[in-house]
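Down below is the structure, laid out as structure tokens.
As the structure lists them, so they are numbered: ligands from 1, and atoms in each ligand from 1. Residue numbers count from 1 along this sequence.
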Amino acid sequence: MKLIYFFITTFAFAQAENQHTTLWNLFKNVHNKQYNNLQDEQYRFGIFKNNLALINQHNLETDLGLHSYTLKMNQFGDMTHEEFARTMLGGFKMPSDSSTKFVGRPFHPPSNVDIPAAIDWRQKGAVISVIENQQQCGSCWAFTATCALEGQHFLKTGELVRLSAQNLMDCSGKFGNQGCNGGLMDSSFQYIKVNKGIDTEASYPYEAQEGDCRFNRSNVGATDTGFVDLPQGNETALQIAIATVGPISVAIDASQSSFQFYSSGVYDEPNCSTTNIDHSFTLVGYDTYQGKQYYIAKNSWGDTWGNKGYVWMSRNKNNQCGIASTGSYPLV
Ligand SMILES: *[C@@H]1O[C@H](CO)[C@@H](O)[C@H](O)[C@H]1NC(C)=O
Ligand SMILES: *[C@@H]1O[C@H](CO)[C@@H](O)[C@H](O)[C@H]1NC(C)=O
Ligand SMILES: *[C@@H]1O[C@H](CO)[C@@H](O)[C@H](O)[C@H]1NC(C)=O
């Protein structure tokens, strides 16, 4: 009897391991993963299996009604959460030198404003359809700055022009930004104002590392005249701004392990902090799904992350993840 049990469990184990190996090979192919040696690959395979278990458990709990969102395997599947946080987060960073802290104009909402129940700036043509991919570089701040300015530039001129995050990475150091080591959208808006423009992405494409400044005035795609800081932690003001202004740059606490593998649904994470802000992206609208209010956020982790590159963040849930802690937008 014991022997039979031994054979059955060994067989079941071997079968599960087979399945894991198949998934692992698929994962490596899809995400173009290469490892230095067999030992390294075994180590990464182990992390992958842990992540797979975390994702499966979460999704079973979602089926049981315990979460309002699902997780999925993605390009971060061979990274521990600690590695993920070290490489992908921390791109939203306050400058160490306070002389490079720029303060925007205060937000003055229109009087007696009545905002719609839902809005999506993608449907109005104000959002570039490409999902940016910052790769392993803390440049989220540059991508949300370009995304917000692309929106304002479109709403003013009718032209949707993809702008160069690399221009910001290479040239806005004097404004406190630190390339792949982090920066701020406000410092970027300030740089663009002083510089009298930012180049197009087509003329100055992304390289995922900081280089020499190659700004070329002939290739300016947009300008700004400063920026507005939304009142801290005020979701009413944030929603009025999204509804009446356009796409808004924000930053959040993205440090929960659930965020690494977010797939779909309303991201609702009670452990999220409103003050430990480490990642920025752009809110391009808001809506409600199955009674849960959410913001539509465009991330810059490629289209294999999240819902085709987007995440629905909880709305009107006490500034969850600090969604309204640092909102701002450029003036054009
Ligand atoms: C700047 O851009 C223009 C137009 O693309 C090009 O003709 C010129 O050579 C560029 N200047 C430099 C210094 O690269
Ligand atoms: C939040 O912002 C709205 C719109 O600007 C304003 O009416 C309201 O007083 C603010 N709430 C707080 C608590 O400051
Ligand atoms: C939330 O935080 C508590 C206390 O730190 C911890 O016990 C719990 O596991 C966390 N929940 C999640 C989903 O991370």
Side-chain angles (χ1 to χ4, degrees), residues 103-119 121 146 148-153 155 157 159-174 185-186 189 191-192 194-207 209-223 226-252 272-275 277 282-288 293-297 313-331:
V103 179
R105 291 189 216 164
F107 180 59
H108 294 299
S111 48
N112 301 320
V113 65
D114 195 11
I115 63 170
I119 186 154
W121 288 104
T146 52
L149 182 54
E150 285 156 1
Q152 290 310 299
H153 183 75
L155 292 168
T157 67
E159 281 180 69
L160 187 62
V161 182
R162 193 170 167 206
L163 301 172
S164 171
Q166 191 65 40
N167 182 172
L168 297 175
M169 300 252 299
D170 297 345
C171 310
S172 66
K174 283 204 190 89
M185 40 279 205
D186 284 3
F189 300 143
Y191 159 77
I192 295 166
V194 171
N195 191 53
K196 299 190 171 63
I198 175 174
D199 281 348
T200 61
E201 168 70 20
S203 70
Y204 200 160
Y206 187 59
E207 292 166 353
Q209 59 181 21
E210 199 176 339
D212 293 334
C213 180
R214 286 153 285 164
F215 172 74
N216 181 339
R217 190 153 306 284
S218 344
N219 300 323
V220 163
T223 57
F227 60 95
V228 168
D229 282 326
L230 299 180
Q232 272 183 25
N234 185 333
E235 284 198 68
T236 306
L238 178 58
Q239 288 159 90
I240 295 173
I242 296 169
T244 62
V245 175
I248 303 290
S249 288
V250 298
I252 59 155
C272 230
S273 164
T274 57
T275 51
I277 307 294
T282 315
L283 302 183
V284 301
Y286 58 79
D287 206 339
T288 303
Q293 299 186 315
Y294 63 88
Y295 299 98
I296 306 165
M313 299 296 295
S314 286
R315 176 163 68 100
N316 294 323
K317 265 210 153 167
N318 298 317
N319 189 21
Q320 193 182 90
C321 302
I323 194 86
S325 293
T326 62
S328 67
Y329 63 87
L331 294 162

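For ligand 2, the polar-atom distance check finds no N/O of Thr236 at less than 3.5 Å from any of the ligand's N/O atoms.
Asn219 meets the side chain to side chain donor-acceptor pair (under 3.5 Å) test with no other residue; sequence neighbours excluded. By the side chain to side chain donor-acceptor pair (under 3.5 Å) test, Thr275 pairs with Ser273, sequence neighbours left out.
Surrounding CG of Asn318 are at most 12 heavy atoms belonging to other residues, nucleotides or ligands under 6.0 Å away.
Interface atoms of ligand 2 facing Ala237, defined by a heavy-atom separation under 4.0 Å, are 2 (O). Applying the 4.0 Å criterion to heavy atoms of Asn234 picks out, from ligand 2, the atoms 1 (C), 2 (O), 3 (C), 8 (C), 10 (C), 11 (N), 12 (C), 14 (O).
A donor-acceptor pair shorter than 3.5 Å can be found between the side chains of Asp186 and Ser328.
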>> Walk me through whether Ile198 and Tyr204 qualify under side chain to side chain contact (heavy atoms under 4.5 Å, CB included).
In response: CA-CA 10 Å; Ile198 175 174; Tyr204 200 160; over 6 Å; no
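Contact annotation: Pro109 has at least one heavy atom less than 4.0 Å from an atom of ligand 2.
In this structure the side chain of Phe227 never reaches within 4.5 angstrom of the side chain of Ser249, judged on heavy atoms.
Under 4.0 Å from any atom of ligand 1, one finds heavy atoms of residues Asn216, Ser218, Asn219.
The two residues Phe215 and Gly197 have their closest heavy-atom pair at CE1-O, 3.8 Å.
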Side-chain donor-acceptor pairs under 3.5 Å in residues 238-248, sequence neighbours left out?
| unit_1 | atom_1 | unit_2 | atom_2 | d |
| --- | --- | --- | --- | --- |
| Gln239 | OE1 | Arg315 | NH1 | 2.8 |
| Gln239 | OE1 | Asn316 | ND2 | 3.1 |
| Gln239 | NE2 | Glu235 | O | 2.7 |
| Gln239 | NE2 | Asn316 | OD1 | 2.7 |
| Thr244 | OG1 | Ile240 | O | 2.7 |

